[in-house]
Amino acid sequence: MQSVLRGAASLRAVASVVNVEATSYDVLVDHSDAGAGWASETSASAETGTPQVDRISIGLHELSALPKVSQRLLDDSAFDIEGWLAGKIADKFARAESDAFINGDGVDKPTGILNYTTAANGSEVWGEIGHVATGVDGDFTAVDPGDSIVDLVYALDARYRANGAFVMNSKTAGRVRKLKDGDGRFLWSDGFAAGEPSLLLGYKVVICEDMPDVASDASAIAFGDFGAGYTVAERPDLRVLRD
């Protein structure tokens, strides 16, 4: 994942989601490509390079709720208070995990994408995320404001750009969808059919309200192949204890 710019959607919409039964999940990340070379039927094959890999362990964290309700309310046949409460808890869980995927500090919760150190594009090292500046403090440039978004897209390696997606909040999206190119055409386009995502420069846009607004030194827009760069590991079960 490369480059960084509450909730209508969650990062899990574009991230890699895996179900596990253990207390952690290990991911192998390669730092270099595997070597390869052309060979013929009669020539000997030479040894090729082996990619350097790191193993990243993703710890699983528990998200829980402990609400109280009286037995009298539970016994009220005119209203399903237990079902209503379960729905409220499920909604809160969804909002809590969405925020953690963006801003989580990794302490008893997931590590969010904005918790990693960023560096100017091209100067980032392993473990850092490259960023592209708009050129104006807390705003887009007055002339050709969409150029910084184009720069953001092409800062990403071509192999990740094919599956790239934008992530931003609604307020930022409201500003971005007004941007035009030099010929007066909008950079933003809405889906033509129901359920189709909006597109920015031809790439999917995920509206996640936990992303920050456009402001001074804020990472307001993220673009990357989140399926390759961010993994959500979860246990597929839910336990309810009624006392």
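Along the sequence shown, residues carry numbers from 1. Owing to the predicted nature of the structure, the values given are computational and were not obtained by experimental measurement. All values below come from the heavy atoms of this structure, side chains included, with hydrogens, waters and symmetry mates left out.
- Every residue meeting the side chain to side chain donor-acceptor pair (under 3.5 Å) condition with Gln71, not counting sequence neighbours, appears here in chain and number order: Asp75.
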Q. Stepwise, does the side-chain contact (heavy atoms from CB on, under 4.5 Å) test hold for Asn19 with Glu234?
A. CA-CA 5 Å; Asn19 292 327; Glu234 63 181 3; 3.4 Å; yes

Q: Tell me, with the steps shown, if Arg161 and Asp157 meet salt bridge (charged side-chain N to carboxylate O under 4.0 Å, His left out).
A: CA-CA 6 Å; Arg161 200 162 57 237; Asp157 289 343; over 6 Å; no

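- For the side-chain contact (heavy atoms from CB on, under 4.5 Å) test, residues two or more places apart in sequence or in another chain that qualify with Glu62 are Ser64.
- A heavy-atom distance below 4.5 Å is found between the side chains of Val167 and Met211.
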**Q.** Full working for side-chain contact (heavy atoms from CB on, under 4.5 Å) between Lys180 and Arg185
**A.** CA-CA 5 Å; Lys180 300 179 181 180; Arg185 296 171 299 188; over 6 Å; no

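- Taking NZ of Lys204 as the start and OG of Ser198 as the end, the distance is 10.5 Å to the nearest 0.5 Å.
- Across all their heavy atoms, Ala15 and Val232 have their closest contact at CB-CG2, 4.2 Å.
- Phe140 and Val150 fall within a single hydrophobic cluster, where Ile, Leu, Val, Met, Phe, Trp and Tyr are joined by side-chain heavy atoms under 4.5 Å apart, directly or via other members.
- Here the side chain of Asn103 pairs a donor or acceptor atom with the backbone of Asp210 at under 3.5 angstrom.
- Taking all atoms of both residues into account, the shortest heavy-atom contact from Tyr203 to Gly164 is CD2-O, 3.6 Å.
- By the side-chain contact (heavy atoms from CB on, under 4.5 Å) test, Ser57 pairs with Ser24, Asp26, sequence neighbours left out.
- Heavy-atom minimum distance, Thr172 versus Pro212: OG1-O, 3.8 Å.
- Residues meeting the salt bridge (Lys or Arg N to Asp or Glu O under 4.0 Å) test with Asp217, sequence neighbours left out: none.
- In this structure the side chain of Val205 reaches within 4.5 angstrom of the side chain of Ile207, judged on heavy atoms.
- Looking at Ser10 and Cys208, their side chains never come closer than 4.5 Å, going by heavy atoms from C-beta outward.
- Separation of atoms CG (Leu200) and CG (Leu179) is listed at 8.0 Å; rounding is to 0.5 Å.
- Closest non-hydrogen pair, Ser148 versus Pro145, comes out as OG-O, 3.3 Å.
- Remark: side-chain polar atoms of Glu97 are not paired, donor with acceptor, to backbone N or O of Ala94 under 3.5 angstrom.
- Using a 4.0 Å cut-off between a side-chain N of Lys or Arg and a carboxylate O of Asp or Glu, Arg95 and Asp99 do not qualify as a salt bridge.
- The two atoms that bring Tyr116 and Gly127 nearest to each other are CD2-O, 4.0 Å, heavy atoms only.
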Which pairs would a plain distance check flag for residues 104-113, meaning a side-chain donor or acceptor within less than 3.5 Å of a matching protein atom at least two apart in sequence or in another chain?
from   : atom 1 : to     : atom 2 : distance (Å)
Asp105 : OD1    : Val107 : N      : 3.0
Asp105 : OD1    : Lys109 : NZ     : 3.4
Lys109 : NZ     : Val107 : O      : 3.3

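- Expressed to the nearest 0.5 Å, how far CD1 of Ile89 lies from CZ of Phe93 amounts to 6.0 Å.
- Residues passing the side chain to side chain donor-acceptor pair (under 3.5 Å) test with Arg177, sequence neighbours excluded: Asp190.
- A distance of 4.5 Å separates CG of Asp147 from CG of Asp144, quoted to the nearest 0.5 Å.
- Counting heavy-atom neighbours within 6.0 Å of Tyr154 OH, excluding the residue itself, gives a total of 12 or less.
- Interatomic distance, NE2 of His131 versus OG of Ser219, reported as 7.5 Å (0.5 Å rounding).
- Residues that satisfy the salt bridge (Lys or Arg N to Asp or Glu O under 4.0 Å) test with Lys178, not counting sequence neighbours, are absent from this structure.
- In this structure, the side chain of Asp181 engages the main chain of Asp183 through a donor-acceptor pair within 3.5 Å.
- For the residue pair Asn169/Asp213, the side-chain donor-acceptor check at 3.5 Å is satisfied.
- Partners of Arg175 by side chain to side chain donor-acceptor pair (under 3.5 Å), not counting sequence neighbours, listed by chain and number: Asp139.
- Here Ala86 pairs with nothing under the side-chain contact (heavy atoms from CB on, under 4.5 Å) rule; sequence neighbours left out.
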Q. Would Leu11 and Val14 satisfy side-chain contact (heavy atoms from CB on, under 4.5 Å), going step by step from the backbone distance to the final call?
A. CA-CA 6 Å; Leu11 193 66; Val14 288; 4.1 Å; yes

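- Atom OH in Tyr230 sits 10.0 Å away from atom CZ in Arg12 (nearest 0.5 Å).
- Through direct or indirect side-chain contacts shorter than 4.5 Å among Ile, Leu, Val, Met, Phe, Trp and Tyr, Trp126 is connected to Val18, Val20, Tyr25, Val27, Val29, Ile56, Ile58, Leu60.
- Through side-chain heavy atoms spaced under 4.5 Å, either directly or across other Ile, Leu, Val, Met, Phe, Trp or Tyr residues, Leu199 is tied to no other residue.
- Heavy-atom contacts from other residues, nucleotides or ligands closer than 6.0 Å to CG of Leu28 number more than 12.
- Relative ring orientation between Phe223 and Phe166 is described as tilted, the plane-to-plane angle lying within the 30° to 60° band.
- Qualifying side chain to side chain donor-acceptor pair (under 3.5 Å) partners for Ser216, counting only residues two or more places apart in sequence or in other chains: Asp137.
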